[in-house]
Structures are given as structure tokens and as C-alpha cells.
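Below is one structure, written out as C-alpha cells; the observations come after it.
Here the structure is a predicted model, which means the values were calculated and not measured. Numbers restart at 1 for each chain; the letters A, B, ... are given by sequence-line order, proteins then strands.
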Amino acid sequence: MSNKNESTSDKNTGEKKPRERSLNFIETIIEEDNKSGKHDGRVHTRFPPEPNGYLHIGHAKSICLNFGLAKKYNGKCNLRFDDTNPTKENEEYVRSIQEDVRWLGFDWEDRLFYASDYFEQLYEWAIKLIQDGKAYVDELTAEQTREYRGTLTEPGKNSPYRDRSVEENLELFEKMKNGEFPDGSRTLRAKIDMSSPNLNMRDPVMYRIMHAHHHRTGDTWCIYPMYDFTHGQSDSIEKITHSICTLEFENHRPLYDWYVENLGIFHPQQIEFARLNLSHTITSKRKLLDLVTEKFVDGWNDPRMPTISGLRRRGYTPASIRNFCDRIGVARFNSTIEMSWLEEAVREDLNRTALRVMGVINPLKVTITNYPEGQEEWRDAINNPEDKEAGTRKIPFSGELYIERDDFMEDAPKKFFRLKPGGEVRLRYGYFIKCEEVIKDDKGVVQELRCTYDPETAGGKAPDGRKVKGTIHWVSAKHSLPITVRLYDHLFTKEDPSEVEEGQDWRSNINPHSLTVLENCQVEPSLKDAEPDQPYQFERTGYFCLDSKDSLPEHPVFNRTVSLRDTWAKVQKKSK
RNA sequence: ACCCCGAUAGUGUAACGGUAGCACAAAACCCUUUGAAGGUUUCAGUCCUGGUUCGAAUCCAGGUCGGGGUGCCA
């Protein structure tokens, strides 16, 4: 008979332990390795980006995973640039990648490496494989190589150059290295198995000739190693224990293993996980580059981009991104995460940290007819109800205000708690006001509201105890600061941007309304000294930050990071 | 067509032969000087068919569906 309580016998200790997230499959592997002593309990990972683009949210998942695992198991994580293709890589990307990893909050300490650091060693290993009769110089053209490789269903056939002598191969490879052959005329190939069902094992190319300038090694080399001949050995050199990569490299694992085994060097374990797919956006470096070069966005760090730099400029925080990456988990099957998860993650972080301010996005003038002419007063406002330490500030009140246009309705439904003709509403930290008169222009558009205030309700409390359901934000017209606000929506209209009509491409799914610019928004004067790194919550509207690129002291521009959750919008939608 | 991998509420993940759980989304309510935040509750799931077993999400077989694979890219 089993006793149900046996397994939870420790629950009467009275301690409320934070609920531990259960292990993901990689952590399980690591813990098994640690138990069996496979690497003496050592955990060493690496983040290996190719410097051919800016980092995006998908990379953040990998960064958090690799650095996170190292931290969790008291290990190390290297940053290594996988720079084996000089025609696509450059310094700007190297710089931005380091900046982004650091910004996310991770530190590779003194372990910044480049695959190009290992070119000499890789070259020697290539020679060893030649000497062992496991590699040969091929003279097939690229097209011929393709033909000889066979297809998914038919085996390939051996290259006529496959059985050259070791000496001849050595000599030819030397000449390749010395630049005696033009690009594309020769390759060095591993001699494995042209009939393998895994195409990667059909005598994969190890080296190709490229007379190209490398951002680090300059013109030292005119032959460059392929990814497969580089990655595993780089891991091996750095004594990486767990080499974590995305699912599309799964078919490469046998080759990864083949190289380190045939070279007789330290054998790291490659582990694949599913890359992140986010709804309503793309994480293909090539397509992101297209968005930039074709000017659909304002550079790699456009706040609509899913790049780390874009998210940063948008106002996302490192903690929110780390949290997001932790929550989405890691698995071995492809999935798409809804954008709302990312948004929820920033809201959660910003709710704790953002300073509350009054900001009116779409101003509607309100004149308080019974407020003494020329009078003004400074009222106390709480900077952050989630953080007592943040203190309070003074905000100016006067007889001429701006409120949000959406906070007034002439024909209001019952559930509308804000201002309506004859109705009363609370101005946050201010007074109750009552709408007495609606002034419109010729076209019937509301121009101004004339209201009266109740001087007894200073601070928002009514001494007679009468209740007012609605509380709205406002600014004093005389004191407020005009700013520009940029609102963002999904970059793509479809959840899956690659899903297109016939004859169209992914570009047809770009959302034409992903950016809305609002001029003449009005905010409280304290925002005069805003800095891009300081997140703000415009109360009842959303989280905002100063744009780090386009904002000028005389013309502030604020980006909306994310709106607040809007239950009213839901109610409205439902009633339609 | 061939090889490899995968499939658990709407979404994302856990349960490792023994009570299918958590988060986000959705819904209802409470609270509220942010229709925010917070709190309570509800809804909702093991791809299919067989087999092994006292017992299967888990092991086995077959099927279905999805992803990856024919770069001198990574």
C-alpha cells in the first residue's frame, strides 16, 4: 500500500520554498554527465555567433541558455565568433554582438575567441587527415560536385580524384594554401562515404579556396575551412563539454563526431535544441538584413525589429528578455511563441521599475470654469506604487488642462466610467470634475470641455463619501511639455510571415501600420530631463522610453515599449 | 520517394512505468485614486491503431502529421 503523503513528507517544515522549475532536457543530460563523472563534473559551454548580422531574440535564447547553464552548474561560457567565411563577416557585427551580449547581462571574462584564431591548427589537422589517407584534394567543379553527390534517394559516386596518393594530396593542398589556384578550382574533402544516407557524410568539403580579405587574419589565408571542419575542433580546443546548437545541425552531428574522433582530440558533446520562433516577426538574419537594406525599417535597431538592439531602443530591459527566455523553455521540437509572452515579460519587469508619470497622448482641452483665474498649485504624486523608495513628486495643476480624448464620450455606454456630459470623474491626484459643456467645431468634432471642479475633493477624496468610479490622467496645459510619441504594432500582419499568397513573398505580410507617430502629445514637466535608459509608465497608457537616436532636447521623442493591459478595450471589442 | 528528428489544454512546457501539473492566453468575480498592478475561481490536453504490463503520455510495432537534410553558407 502506498501512502500518498510519503513523497511530500518534507512539507511540514513550514518553509515555503520557491517552486523550482523542473529540469529541461539539456540540464538532465548535464546532471547525468556530472553524476557519471564524464567531464569530472566540469561544465563548459560557448555562444558561437557568426558575425554576419545583428543578434536577435532567437540568439538571446541561445545566449541565456549557454551562459545560464554555465552559471547554474558553476562552469564557464565562452564567446566565440564563428568567422570562417570572410565574404559575409565584418567588424561592425563583431562589435555589436559583444555589446548586445554584455547588455543582456552576460560576461565571457577573458574568454573571447575567434574560430580564425585556430586557422593554423585547423590547417595542421587537415594535413594529418591527408596523411592518414582520410582527406583528398578534389578538382571537381562546384556543379560536378553536386552531381557526384547523388540525391536524397540515390547514392553519390566517388570523385575521380579521390584516390590520389598522400604525397600528391599534400603537395596540392600546399599549393592551394599558397594561392597557386584560382577560387573554386580545388577543394579539400574528407574521404568518408559517398553512399551514406546522410548527405553530410558524402565526402564533405573541408577547405575551399577564397581569395578574400578576412577581418582578422587579413590576407594571410586564401583557403578557408568550412563550418563542419571548424566548429567541433574549436569546441575541442576550448575543452567545451556541451556544445549546444539548434536543430538544423542535427544531421551534422555524425560529421562533428567523425572529425574529432579521426583527429583523436577531446570530444565535446553536441546537443541540439529547437530555435525560437516568435509570432508576427521574423528571425532570419537574411530577411532582417533585407528589411534594413530595403528601408522597411530604420536600421538594425529600429524599435520594431526583433533584434537585441531594436528591443533595447524600444525600451525592453535585459531582465525582461532573460525572464522571457527562461519561461519559454527548451525542447527538441519546433514551436512558435506568441508575441504576447515577450510583451508580458516586459510589463512584469517595467511594472516594478518604471517611474509613473502623467502623459496625454491625444490631448483634449478641458477648462475648469470655477477654478480661480491665474491660480496654480502643485500636487503630490506617487512615483512608483510598487516601490516605496521611489518617493513622490509634485505635479502642477491649473484651470486649463489636457485630458485623453478617449477619456470622454458624448454617448457613453453604461460601462464607461470616464467623463461624459453631466458626469463626474476623478482627476488622478487632483480633484473631481464634472462636465458641464461640450464645445464642438463646425464639423461636430469636440474641441473643448468646460467643466467645474469640486474644491472639497483635493487629492481625489470626497469628504461626503460620494463615489466616483472613474479616475483619469491629465496635465496642466500651461506647464505641460509637448513631445512626439511613437506607437508600435507588430512588424508583420500574419502570425507566420512566411505564409503567403501565391506569387507573393514574405514582404507582402509587412504591416503597413507598424509605426504610428503622434505629434503634440503633452506630458508633465518632470519629463524634461528624461534619459533613454529610464523607463516610464505614462499612467493608464503604457510604458515609454526616450528614443536614443532621434530625440532632441528641444524635440523629445518617446517610444512606447508596450501598452498597459487594456481591459476596457476588451470590453468594447466584446460588445461590438 | 530516401535518411534523421519530433508530436501532451488555444500557446509554451513538466511528469523519466504508478494522482496528467505549471505558466501565458481566455472567462467570471473581488479589490482599486492607473479599467494598471494584485487576489480568488473556472474552462481546457496525452496524434491514431494495435501490442507488452496489475498499471502506458512514458516501452514496442505500424500509421498519420510536422520539421530538417541534395551550399565550395553557418
Between A:Y453 and A:F397, what is the ring plane arrangement, given parallel below 30°, perpendicular above 60°, and tilted in between?
tilted
Is A:D138 salt-bridged to A:R186, going by a charged N under 4.0 Å from an acidic O?
no
Listed nucleotide nearest any side-chain atom of A:R428, set B:U34, B:C5, B:A1
B:U34
Check whether the aromatic ring of A:Y227 stacks on the base of B:A74, taking stacking as ring centres less than 5.5 Å apart and planes within 30° of each other.
no
Selected nucleotide, minimal atom distance to A:D566 side chain, candidates B:G35, B:A1, B:U13:
B:G35
Quick note, A:A142 side chain, CB onward, closest among B:G35, B:C72, B:A74 is B:C72
Nearest-nucleotide wise, let me know which of A:T28 and A:N52 is further upstream toward the 5' end of RNA chain B.
A:T28
Decide yes or no, distance alone: a donor-acceptor N/O pair under 3.5 angstrom between the base of B:U70 and the side-chain of A:R202.
no
For A:R275, is there an ion pair with A:E248 - N to carboxylate O distance below 4.0 angstrom?
yes
Counting only distance, no hydrogens or angles, is the base of B:G35 paired donor-acceptor with the side chain of A:R565 under 3.5 Å?
no
Using a cut-off of less than 4.0 Å, is there contact between a side-chain N or O of A:T84 and OP1 or OP2 of B:A74?
yes
Which nucleotide wins on minimum distance to the side chain of A:N24, given the candidates B:A14, B:U34, B:G67?
B:A14
Please state whether the phosphate of B:G35, meaning OP1 or OP2, lies under 4.0 angstrom from any side-chain nitrogen or oxygen of A:R540.
yes
Watson-Crick/G-U partner (both atom distances under 3.5 Å) of B:A20:
none
Could you state the CG-P distance from A:N198 to B:C5, rounded to the nearest angstrom?
11 Å
Pairing check on B:A7: which nucleotide meets the Watson-Crick or G-U wobble criteria with it, both distances under 3.5 Å?
B:U64
For atom CG of A:N200 and atom C1' of B:C72, their distance in whole Å
14 Å
Of B:U34, B:C72, B:G69, the nucleotide closest to the side chain of A:N251 is B:G69
Given that A:A274 and A:T153 both sit by RNA chain B, which one's nearest nucleotide is further toward the 5' end?
A:T153
Length of the CD-C1' vector between A:E250 and B:C4, whole Å:
6 Å
Find the distance A:R327:CZ to B:C22:P and express it as a whole number of Å.
16 Å
For a quick test of reading the model: is some side-chain N or O of A:K467 closer than 4.0 Å to OP1 or OP2 of B:U32?
no
Integer angstrom distance from the C1' of B:G10 to that of B:G50:
31 Å
Using a cut-off of less than 4.0 Å, is there contact between a side-chain N or O of A:R149 and OP1 or OP2 of B:G71?
yes
Name the closest nucleotide to the A:S340 side chain, picking from B:G67, B:C24, B:C2.
B:C24
B:U11, OP1 or OP2 - any side-chain N/O from A:S279 closer than 4.0 Å?
no
Heavy-atom count check: over 12 atoms from other residues, nucleotides or ligands less than 6.0 Å from A:K494 NZ?
yes
Across every strand shown, the nucleotide meeting Watson-Crick or G-U wobble geometry with B:C59 (both distances under 3.5 Å) is B:G51
Hunt down the Watson-Crick or G-U wobble partner of B:A26, both distances under 3.5 Å, from any strand shown, or write none.
B:U42
What I want to check is whether the side chains of A:N52 and A:E50 have a donor and an acceptor closer together than 3.5 Å.
yes
Considering only atom P, compute the distance from B:A37 to B:A74 and round it to an integer number of Å.
47 Å
Looking only at atom C1', what distance separates B:A9 and B:U13, rounded to whole Å?
12 Å
Counting only side-chain nitrogens and oxygens, does A:R347 get under 4.0 Å of the OP1 or OP2 atom of B:A36?
no
Do the side chains of A:D406 and A:R540 get close enough for a salt bridge, i.e. N-O under 4.0 angstrom?
no
Taking only N and O in the side chain of A:S335, is any of them less than 4.0 Å away from OP1 or OP2 of B:U13?
yes
Roughly how many Å is it from CZ in A:R352 to C1' in B:G38, rounded to a whole number?
14 Å
Consider the side chain of A:T471, meaning its heavy atoms from C-beta on, and name the nucleotide among B:G35, B:C24, B:U70 that approaches it most closely.
B:G35
Please determine whether any donor N or O and acceptor N or O are separated by less than 3.5 Å between the side chain of A:H252 and the base of B:A74.
yes
Whole-Å distance between B:A25 P and A:I328 CD1?
16 Å
Nucleotide B:C16, atom C1' - distance to CD of A:E31 in whole Å
13 Å
Taking the C1' atom in each of B:U8 and B:A14, what is the distance between them to the nearest angstrom?
9 Å
A:R80 bridged to A:D235 by N-O distance under 4.0 Å
yes
Could you let me know what B:A37 is paired to, Watson-Crick or G-U wobble, both distances under 3.5 Å, or none if it's on its own?
none
If you check the A:L564 side chain, which of B:C73, B:U34, B:U13 turns out closest?
B:U34
Look at the side chain of A:N351 and decide which nucleotide, out of B:A74, B:G69, B:A37, has an atom nearest to it.
B:A37
Would you classify A:K461 as touching base, sugar-phosphate or nothing, given that sugar-phosphate means primed atoms plus P, OP1 and OP2, and contacts are heavy atoms under 4.0 Å?
base
Please state the C1' separation for the pair B:G38 and B:C31 - nearest whole angstrom.
8 Å
Under 4.0 Å between any heavy atoms, over every strand shown, what does A:F273 touch: base, sugar-phosphate, or nothing? Just pick one.
nothing
Work out how far the P atom of B:A56 is from that of B:C47, and round it to whole angstrom.
15 Å
Check the angle between the aromatic planes of A:Y93 and A:Y54 and answer parallel, tilted or perpendicular using the 30° and 60° thresholds.
perpendicular
Which glycosidic conformation, syn or anti, is assigned to B:G38 if syn requires a torsion within 90° of zero?
anti
Donor-acceptor pair (no angle test) under 3.5 Å: A:E154 side chain, B:U70 base:
no
Could you check whether the rings of A:Y227 and A:H252 sit parallel, tilted or perpendicular, using 30° and 60° as the cut-offs?
perpendicular
Selection from B:C5, B:C24, B:U34 that lies nearest to any side-chain heavy atom of A:P385
B:U34
Starting at CG of A:N277 and ending at C1' of B:U13, how long is that distance when rounded to a whole Å?
16 Å
Check the phosphate of B:C73 against A:R208, side-chain N and O only, distance under 4.0 Å to OP1 or OP2. Yes or no?
yes
Is it true that A:E238 and A:R46 have a side-chain N and a carboxylate O under 4.0 angstrom from each other?
no
P gap between B:G6 and B:A44, integer Å:
31 Å
Ring centres within less than 5.5 Å and planes less than 30° apart: is that true of A:F333 and B:G67 in this structure?
no
Would you measure the distance from the P atom in B:C16 across to the matching atom in B:A28 and give it in whole Å?
37 Å
